[in-house]
Colleague: 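So that we are looking at the same thing, I have put the structure below in structure tokens.
No experiment lies behind these values; they were computed from the predicted model shown.
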Amino acid sequence: SADNVPDFPEHDPQIDRARVKRFVIAGHFNLPAVEKMLAEDATLINGAIDWGNGDFETALGGASHMGRRDIAEFLLAHNARMDIFAATMLGKIDIVKAAVTAFPNIVHVPGPHKIPLLAHAEKGGPAAVAVLEFLRPLVG
């Protein structure tokens, strides 16, 4: 039952929320800040902020919905966790097709700030046109 879920001790101290927040915000628009912050603290790479109501976002998520290919590629090169939203913005059609084939409802899963997958494809520009054309008929 839901009441029978054990508690587990923390493994390591949590990263300071304010530092993660600054990193996630920088991920939206400021590659030099992302580079500097990550050089100072590599644990930030997959740090996430809960903006409220389960609206979780990483720096990669911010870069993805802003169409910041340069920031997304930098983060991925430094071991950020690839997700469907980044793959979509980056125009990675093989990844997107595989995810949609395995989990068709993924086209309706909202990203950070409830931004839809299709909007990520639009932000990807020319490199994401094939993904955009693939997704359009699926989202209605």
Side-chain angles (χ1 to χ4, degrees):
S1 80
D3 295 330
N4 192 20
V5 177
D7 188 22
F8 289 97
E10 297 293 330
H11 296 278
D12 292 300
Q14 293 185 1
I15 304 170
D16 177 65
R17 185 183 192 283
R19 199 162 27 136
V20 174
K21 183 178 177 183
R22 285 191 305 274
F23 185 69
V24 170
I25 291 169
H28 287 72
F29 64 92
N30 191 334
L31 180 58
V34 168
E35 292 170 335
K36 182 177 187 298
M37 293 175 76
L38 197 58
E40 293 170 356
D41 184 356
T43 65
L44 291 170
I45 192 68
N46 292 307
I49 286 295
D50 180 354
W51 294 110
N53 291 322
D55 179 12
F56 289 91
E57 184 178 35
T58 63
L60 180 59
S64 297
H65 70 75
M66 295 296 290
R68 288 301 303 262
R69 171 177 299 277
D70 57 339
I71 296 173
E73 288 176 345
F74 173 82
L75 293 166
L76 288 164
H78 288 83
N79 303 323
R81 294 180 191 127
M82 170 62 85
D83 64 28
I84 189 65
F85 301 100
T88 296
M89 185 275 292
L90 292 169
K92 302 297 184 182
I93 189 71
D94 293 343
I95 294 172
V96 175
K97 281 184 176 181
V100 170
T101 298
F103 304 100
N105 194 54
I106 202 166
V107 300
H108 302 293
V109 173
H113 317 311
K114 298 187 173 122
I115 298 171
L117 198 57
L118 194 64
H120 287 77
E122 291 167 347
K123 286 290 188 175
V129 168
V131 175
L132 184 61
E133 291 173 355
F134 170 74
L135 291 174
R136 271 196 181 126
L138 301 177
V139 297

Colleague: Applying a strict under-4.5 Å side-chain criterion to I, L, V, M, F, W and Y, I'd like to know whether Ile115 and Val96 cluster together.
Modeller: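 No, it is not one cluster - the side chains of Ile115 and Val96 are not joined through contacts under 4.5 Å.
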Colleague: Taking Met66 as the starting point, is it possible to reach Val20 by hopping between hydrophobic residues whose side chains are less than 4.5 Å apart?
Modeller: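 No, Val20 and Met66 fall in different hydrophobic clusters.
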Colleague: Once you round to the nearest 0.5 Å, how far does OG1 of Thr88 lie from NZ of Lys92?
Modeller: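 Here the interatomic distance stands at 12.0 Å.
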Colleague: Taking atom CZ of Phe103 as the centre, report whether more than 12 heavy atoms of other residues, nucleotides or ligands fall under 6.0 Å from it.
Modeller: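 Count not over threshold, so no.
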Colleague: What are the two closest non-hydrogen atoms of Met89 and Ala72, and how far apart are they?
Modeller: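 So the minimum-distance heavy-atom pair works out to CE-CB, 3.7 Å.
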Colleague: Identify the two heavy atoms, one from His65 and one from Pro112, that lie closest to each other, and give their separation to 0.1 Å.
Modeller: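 Taking every non-hydrogen atom into account, CD2-CB, 4.3 Å.
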Colleague: Which atom names give the shortest non-hydrogen contact between Asn30 and Ala33, and what distance separates them?
Modeller: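 Heavy-atom minimum between the residues: OD1-N, 3.0 Å.
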Colleague: If I compare all heavy atoms of Asp50 with all of Arg17, which pair ends up nearest, and what's the gap?
Modeller: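 In this case the closest contact between Asp50 and Arg17 is O-NH2, 3.3 Å.
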Colleague: Looking at Thr43, is its backbone amide N or carbonyl O close enough to the side chain of Asp41 to form a donor-acceptor pair, meaning the two atoms are under 3.5 Å apart?
Modeller: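 Looks like yes, one N/O pair under 3.5 Å.
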Colleague: To the nearest 0.5 angstrom, please state how far the CG atom of Asn46 sits from the NE2 atom of His78.
Modeller: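 The CG atom of Asn46 sits 13.0 Å away from the NE2 atom of His78.
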Colleague: I need the Lys97 NZ to Leu135 CG distance, nearest 0.5 Å.
Modeller: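 Answer for the NZ-CG pair, Lys97 versus Leu135, is 10.5 Å.
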Colleague: If two hydrophobic side chains count as joined below 4.5 Å and joins carry through other members, does Leu118 share a cluster with Phe85?
Modeller: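 Yes: a chain of side-chain contacts under 4.5 Å links Leu118 to Phe85.
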Colleague: Say whether Glu57 and His28, considering side chains only, have a donor N or O and an acceptor N or O under 3.5 Å apart.
Modeller: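 A pair is found: one side chain offers a donor N or O, the other an acceptor, under 3.5 Å apart.
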Colleague: How close do Ala128 and Ala121 get, counting heavy atoms only, and between which atoms?
Modeller: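 Nearest heavy atoms, Ala128 then Ala121: CB-O, 3.4 Å.
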Colleague: Below 4.5 Å, heavy atoms only, C-beta onward: do Val109 and Leu117 meet side chain to side chain?
Modeller: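 No. Closest side-chain heavy atoms not under 4.5 Å.
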Colleague: Going only through I, L, V, M, F, W and Y residues with side-chain contacts under 4.5 Å, is there a path from Leu44 to Ile71?
Modeller: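 Same cluster: Leu44 reaches Ile71 through Ile, Leu, Val, Met, Phe, Trp or Tyr contacts under 4.5 Å.
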Colleague: Count the heavy atoms belonging to other residues, nucleotides or ligands that lie under 6.0 Å from CG of Asn53, then report whether that count exceeds 12.
Modeller: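 Open: at most 12 neighbouring heavy atoms sit under 6.0 Å from CG of Asn53.
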Colleague: To the nearest 0.5 Å, tell me how far Thr58 OG1 sits from Leu75 CG.
Modeller: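 If we round to the nearest 0.5 Å, Thr58:OG1 and Leu75:CG are 8.0 Å apart.
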Colleague: For Gln14, I'd like to know if atom CD has over 12 heavy atoms of other residues, nucleotides or ligands within 6.0 Å.
Modeller: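 No - once you tally the heavy atoms of other residues, nucleotides and ligands closer than 6.0 Å, there are 12 at most.
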Colleague: Would a distance-only check, ignoring hydrogens and angles, find a side-chain to backbone donor-acceptor pair under 3.5 Å from Arg68 to Gly27?
Modeller: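 Between the backbone of Gly27 and the side chain of Arg68 there is no qualifying donor-acceptor contact (under 3.5 Å).
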Colleague: Less than 4.5 Å apart, any side-chain heavy atom of Arg69 and any of Phe74?
Modeller: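 SC-SC contact between Arg69 and Phe74 ruled out.
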Colleague: Calculate, to the nearest 0.5 Å, the distance between atoms CD1 and CD1 belonging to Ile49 and Ile25 respectively.
Modeller: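 Answer rounded to 0.5 Å: 8.0 Å.
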